[in-house]
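Here the structure comes first, spelled out in structure tokens, and everything after it is commentary.
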Number of protein chains: 2
Amino acid sequence: MRERTRPPAHPGAILKRHYLKPLHLTVSDAASGLKVSRKTISKLVNERGSVTPDMALRLSRAFGTSPELWLNLQQSYDLWRVSHESRAWERARVFMEHSRLLASNSA
Amino acid sequence: MRERTRPPAHPGAILKRHYLKPLHLTVSDAASGLKVSRKTISKLVNERGSVTPDMALRLSRAFGTSPELWLNLQQSYDLWRVSHESRAWERARVFMEHSRLLASNSA
DNA sequence: TTTAAGTGTAACCTATGTAGTTACATCTGT
DNA sequence: ACAGATGTAACTACATAGGTTACACTTAAA
């Protein structure tokens, strides 16, 4: 089982590479189409903003995806960062061992 | 395809029913084991708090689950609420129609 | 070269949310 | 009566989302 050594892709990077670029949409285009401020999209594609549930709904509608797609990308990104930026959570007591049989995959 | 008319289970309800109760763990027990305040667990179990990435890591360690389990429960709950509490996101422009072929399931 | 469009970002604002501590009233079982 | 467990209020500190306005910069077209 391999461990990730680098953060998963930021949802903003996916948005930029796989949606905005192919459709020749500028940050300004996307912002006005999604009915949010330009700042919100700019921060997102520059990996300084997050996909909130509201944004996930807008993106899903705009690009014909599920909202879960965007939230899952954000979740993976956040989880990786938090698990690597602090180890306080490792001090939590183990109440219940997980079964190795049922847990060959970390997800 | 059926639409949910009620919110998905709150992660705190799952925690209470499927983890705390079966293990006879009190809110206080869980709080001290997870190394968080009693308030944090109390709020969560009473559906007035959220599972943050940090909490997901603690819960996953304590109960032998994946952190994603908890974050996915929270995500589903949040998404349902936001999509039902506001319809502003529906004003987002459709840039790209989704393919019915690829989107027979909403997720 | 001038002009306009697109961009990133700072400053400022408001609203919300997490999480901690302390304290209190309540309830339950012994 | 007492101790344990609980929900919650009041307070704090901190972080984040998102909006508006303004500025400097780049790029491409006229």
Side-chain angles (χ1 to χ4, degrees), chain A residues 10-13 15-17 19-59 62 67 70-71 73-75 77-83 85-89 91-92 95, chain B residues 10-13 15-17 19-59 62 67 70-71 73-75 77-83 85-89 91-92 95:
Chain A
H10 188 283
L15 173 62
K16 187 178 188 176
R17 182 180 317 124
Y19 293 88
L20 303 191
K21 290 239 160 140
L23 293 172
H24 303 294
L25 291 172
T26 66
V27 167
S28 301
D29 292 338
S32 63
L34 292 168
K35 305 284 189 302
V36 296
S37 73
R38 184 166 64 83
K39 178 196 173 189
T40 300
I41 301 302
S42 179
K43 284 192 68 177
L44 184 54
V45 302
N46 287 288
E47 311 195 8
R48 293 166 185 285
S50 299
V51 175
T52 59
D54 178 76
M55 265 303 300
L57 287 166
R58 291 174 197 265
L59 292 169
W70 302 101
L71 291 175
L73 288 170
Q74 186 66 53
Q75 180 186 101
Y77 184 83
D78 289 343
L79 188 57
W80 191 91
R81 293 207 59 191
V82 170
S83 67
E85 283 170 1
S86 161
R87 292 205 157 129
W89 60 274
R91 304 203 42 246
F95 286 119
Chain B
H10 188 284
L15 173 61
K16 186 178 187 175
R17 182 180 318 125
Y19 293 89
L20 303 192
K21 290 238 160 140
L23 292 172
H24 304 292
L25 290 173
T26 67
V27 168
S28 301
D29 291 338
S32 62
L34 292 168
K35 304 286 189 302
V36 297
S37 73
R38 183 165 65 83
K39 179 197 173 189
T40 299
I41 300 301
S42 179
K43 284 192 68 176
L44 182 54
V45 158
N46 287 287
E47 311 194 8
R48 292 166 184 285
S50 301
V51 174
T52 60
D54 178 77
M55 264 304 301
L57 288 165
R58 290 173 198 265
L59 292 169
W70 302 100
L71 291 175
L73 288 169
Q74 187 66 52
Q75 178 183 303
Y77 184 83
D78 290 343
L79 187 57
W80 191 91
R81 293 207 59 193
V82 170
S83 66
E85 283 171 1
S86 162
R87 291 202 157 133
W89 61 273
R91 306 204 41 247
F95 286 119

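Here the structure is a predicted model, which is why all the values come from computation and not from measurement. Letters go in sequence order (proteins before strands), and every chain restarts at 1.
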Under a 3.5 Å distance rule, please check whether B/Ser32 uses its side chain to pair with a backbone N or O of B/Ser28 as donor and acceptor. yes

Bend of the helix from C/dT1-D/dA30 to C/dT30-D/dA1 from end-axis comparison, five pairs per end, nearest 10°, comes to 20°

In the 5'-to-3' direction, what one-character label does each nucleotide of nucleotides 10-18 of chain C receive under the scheme B = base within less than 4.0 Å of a protein heavy atom, S = sugar-phosphate only, - = no such atom? --------S

Calculate, to the nearest 0.5 Å, the distance between atoms OG and CG belonging to A/Ser50 and A/Asp78 respectively. 5.5 Å

Here the gap from A/Phe95 atom CZ to B/Leu59 atom CG, rounded to the nearest 0.5 Å, amounts to 10.0 Å

Measure the distance from CG on A/Leu20 to C1' on C/dG8 and round it to the nearest whole Å. 15 Å

Has the side chain of B/Ser83 got a donor or acceptor atom that lies under 3.5 Å from a matching backbone atom of B/Leu79? yes

Is the closest side-chain heavy-atom distance between B/Ile41 and B/Met55 below 4.5 Å? yes

A/Lys35 NZ - D/dG18 P separation (whole Å): 16 Å

The reported gap from CG in B/Leu15 to CG in B/Leu34 (rounded to nearest 0.5 angstrom) is 8.0 Å

Roughly how far, to the nearest 0.5 Å, is NZ of A/Lys16 from CG of A/Asn46? 6.0 Å

From CD1 of A/Ile41 across to C1' of D/dA17 the rounded distance in Å is 13 Å

Distances under 3.5 Å only, N/O to N/O: pair up the protein atoms with those of nucleotides 4-7 of chain C.
{"unit_1": "C/dT7", "atom_1": "OP1", "unit_2": "A/Val27", "atom_2": "N", "d": "3.0"}
{"unit_1": "C/dT7", "atom_1": "OP2", "unit_2": "A/Thr26", "atom_2": "OG1", "d": "3.4"}
{"unit_1": "C/dT7", "atom_1": "OP2", "unit_2": "A/Val27", "atom_2": "N", "d": "2.9"}
{"unit_1": "C/dT7", "atom_1": "OP2", "unit_2": "A/Ser28", "atom_2": "N", "d": "2.8"}
{"unit_1": "C/dT7", "atom_1": "OP2", "unit_2": "A/Ser28", "atom_2": "OG", "d": "3.1"}

Ignoring hydrogens and angles, tell me if any N or O in the side chain of B/Glu47 forms a donor-acceptor pair with the backbone of B/His10 under 3.5 Å. no

Can you tell me how far the CH2 atom of A/Trp80 sits from the CD atom of A/Glu85, to the nearest 0.5 Å? 8.0 Å

Roughly how far, to the nearest 0.5 Å, is OG1 of B/Thr26 from CG of B/Leu20? 8.5 Å

B/Trp89 atom CH2 is separated from D/dA17 atom C1', nearest whole Å, by 20 Å

Between A/Val51 and A/Leu73, is there a side-chain heavy-atom distance shorter than 4.5 Å? no

Could you check how far CD of A/Glu47 sits from P of D/dT16, rounded to whole Å? 16 Å

Take the protein atom CG of A/Leu34 and the nucleotide atom C1' of D/dG19, then report the distance between them rounded to whole Å. 16 Å

